[in-house]
Amino acid sequence: MLSLSISSPPPAIAGGNGEPAAYDFHPSPSISLSCCRRNGYPLLLAVPKTSEGTPTSSYSFRNSSRRSAISERKAAIEQVKESTNLEATLPRVEGLLRAEDLNVILRYFGESRRWIEVSQLFDWMQKNKVLNLTSYSTFIKYMRISRNPVKALQVYDSITDKSTRVHLSICNSLLGCMAQNGRFASSVKLFSKMKDDGLSPDVVTYSALLSGCCKEEDGYSKAVQLVQELENSGLQKDAVIYGSLIAICASNNLCEQAEEYFNQMKELCAPNIFHYSSLLNAYSANGDYAKAEKLVVDMKSTGIEPNKVVLTTLLKVYARGGLFEKSHNLLTELQALGYAEDEMPYCLLMDNLAKAGKIEEAREVFEKLKENKVKSDGYAYSIMISAFCRARMLQESMQLAKSCEVNYEKFDLVMQNTLLRAYCIAGDMDSVMKMLKKMDELKLSPNWNTFHILIKYFCREKLFHLAYRTLEDMHNKGHKLNEELCLSLISQLAKAGFPSESFSVYNMLRFSNRNVNKSIHETVLNILVGAGLLKDAYVIMKDNMELISKSSLNKFATSFMKLGNINLINDVIKAFYRGGRTIDSEIFQMAISRFIEKPKKKDLLLHLLKWMESHGYVVDSTSRNLLLKNSHIFGQKKLLAEMLSKQHVNSRILRGLQVEV
DNA sequence: CTAGGGTTAG
């Protein structure tokens, strides 16, 4: 329904007879708005209001040239860009702006890092179905930069149109988003799904994947594999691939390989600023400032002026190399150039000062950062909190952590971990629990570091069961367990009277870590024997006999003969034999008397005696007498007597042989 | 339609 206002010419909708039909109306949602686009007024700048004063979607109609339609759209774009209230502004452009116009705005918000607006605008585009392929890839790209892979995935999953979902550039952007946000495994999964869906990966696909290798453990070998695959599929390394490779080498401290790729690439094309800055970063690993300075000179000679990243990386080289005077000077230079407006260079200097033990100097840089009102995402805080923790300045770290919590609402996982550690080290249980609750609310899933911090803390607070449960959680979430931590938990759980949990930690550790320290088996064996968990002890002993000392084995065997499951006694003895261990006659003696106490187990006893006979073991005289005295329980006195006498002969033969040798 | 990939911080 149209509700007319202002003037009232006949509602001859635009295009009718070329008459200017200037009136406003409130479109009902069912009316297609595409017919309302042509319009010469700089709409939206002054939105006419209805008599009620509500600023709703209002359009003026007018026949006009194409050129004015374009300028109208341009004006609308500008207005949305400048809007401080997208929710109110967007409905006014409904039907006027096309997907490509909205993409322009999306990029504008993205490039100015206004993530809230990016999301608001995109949500609106989705809701109103004014979007195209580019909208998706652009949005996903900004989710990559703003480190929001979850949102990117949500959006991707919401795509119903198959030709959009299975599209190389969409998939490539999602791949890059996952890879660069620490979800390398997911990106590899997506990669193989793409191939299954019939897409042919191109260089962009590979460089997106490579970008994830930088922060990945063992990233270099993964990168080499990917490049191999790229070349096998007939593609060639381009400048971007080389750039990624050099960056990966740099972050894996492979300075020489970085140089090699750099030189290799020079044959192909002239290095650009990305290649230079990545190679420079490779030099930062060793703080090789001489090479770094030479590289910057080379770069300048090819006509490339160092940018913010290059100079910041050079600062990193100096700071890593412990050249703090040069670092300070460069920071001043960066400030003068307007390159120190974010916290990065301060962070580099602070962190390295603190790690070099110059905590007070680090604190001064931090103060300077605050004085200069440098915008911080919290990294600077994180660095200082960690630095104070490291220096055991617990008061300072706590104070900073608290003020950090007040000043920053949005934390990422590293920040959470930093605060958590500060609270844990200071022993502030209240804050620890609050932090955990907050992490839960923010749906931040703990990483390896989080678990590690908590387990150590719970141990220290003697909350062993909590420590155990946390470790279990960590294991179930697929994190590799740290041996040292497990070992300490194993012994602490045992001391606190939780041997089963101790054993369970041992099993989790073995599951997650193939090459555990060899002495751990004996440690756990002794714990289990001490606690009387002999069946579990038997499993350990059987699997690791060659790694366990004679005295521990004997302690185990003695306990088992006395208290272990009677049905397993023969198995234990045989396991000793198979493991090449000597079996003392006391062990046999204990086994035999154990069986005699349980006449129902006479078959096991007979089995043992036969086994001893065939393996050259003698029944000692005490056992012999005991057996003869209780021979009635066997019902077959004769059989027993025969067996014992035969054995006696055998053993004499055996002894005779030994003497001859 | 121009799209999707690489550099610096904890």
Side-chain angles (χ1 to χ4, degrees), chain A residues 98-101 103-104 106-107 132-141 144 167-177 179-180 187 194 199 201-215 223 230 237-251 258 261 265 271-282 284 306-317 319-320 334 339-340 342-352 354-355 369 376-387 389-390 404 411-419 421 449:
Chain A
R98 304 173 188 173
E100 53 265 41
D101 301 327
N103 290 346
V104 169
L106 198 61
R107 274 194 288 270
N132 55 22
L133 264 176
T134 312
S135 318
Y136 284 110
S137 49
T138 306
F139 179 74
I140 295 171
K141 171 184 159 183
R144 168 172 59 81
H167 190 282
L168 195 57
S169 62
I170 301 283
C171 289
N172 282 348
S173 56
L174 186 62
L175 210 60
C177 180
Q180 272 186 52
S187 67
M194 283 167 68
L199 291 175
D202 61 1
V203 264
V204 178
T205 316
Y206 284 99
S207 59
L209 271 173
L210 283 177
S211 70
C213 293
C214 264
K215 283 158 199 145
L230 170 137
K237 299 202 280 284
D238 68 359
V240 175
I241 297 280
Y242 272 110
S244 308
L245 283 172
I246 298 167
I248 292 161
C249 292
S251 43
Y261 281 122
M265 196 209 52
N272 65 23
I273 199 152
F274 286 92
H275 304 113
Y276 280 108
S277 64
S278 295
L279 184 57
L280 204 57
N281 191 32
S284 75
N307 65 2
K308 188 163 88 173
V309 175
V310 168
L311 292 178
T312 308
T313 309
L314 185 61
L315 178 69
K316 184 178 168 187
V317 179
R320 279 271 172 93
L334 282 163
Y339 289 168
D342 60 37
E343 58 185 336
M344 185 88 71
Y346 294 88
C347 288
L348 287 166
L349 184 50
M350 270 161 36
D351 191 37
N352 284 289
K355 283 179 179 158
L369 169 139
S376 167
D377 289 327
Y379 296 131
Y381 281 84
S382 176
I383 289 169
M384 283 314 292
I385 293 167
S386 299
C389 283
R390 207 180 301 125
C404 199
F411 297 138
D412 67 358
L413 192 55
V414 175
M415 183 58 109
Q416 298 273 5
N417 286 342
T418 306
L419 296 181
R421 194 172 60 207
N449 198 11

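The salt bridge (charged side-chain N to carboxylate O under 4.0 Å, His left out) check on A:D377 picks up nothing, with sequence neighbours excluded. Taking the ring-ring contact (aromatic ring centres under 6.0 Å, His included) definition, one finds that A:Y346 meets it with nothing, sequence neighbours left out.
Within the nucleic acid shown, A:A250 has no heavy atom closer than 4.0 Å to any nucleic acid atom. If you check every strand for non-hydrogen atoms under 4.0 Å, A:I140 touches nothing. Residue A:N132 is classed as having no contact, given no heavy-atom separation below 4.0 Å to the nucleic acid.
The side chain of A:N281 contributes an N or O atom lying less than 4.0 Å from OP1 or OP2 of B:dT8. Distances shown here put a side-chain N or O of A:T138 below 4.0 Å from the OP1 or OP2 atom of B:dG4.
Look at CE on A:M344: it is 6 Å from P on B:dA9, rounded to the nearest Å. If you take CG of A:L168 and C1' of B:dG5, they are 11 Å apart, rounded to a whole angstrom. Summarising the geometry, the separation between CD on A:E100 and P on B:dT2 is reported as 10 Å, rounded to the nearest angstrom.
Separation of atoms OG (A:S169) and NZ (A:K141) is listed at 12.5 Å; rounding is to 0.5 Å.
For A:S137 against B:dG4, a side-chain-to-base donor-acceptor contact under 3.5 Å is absent.
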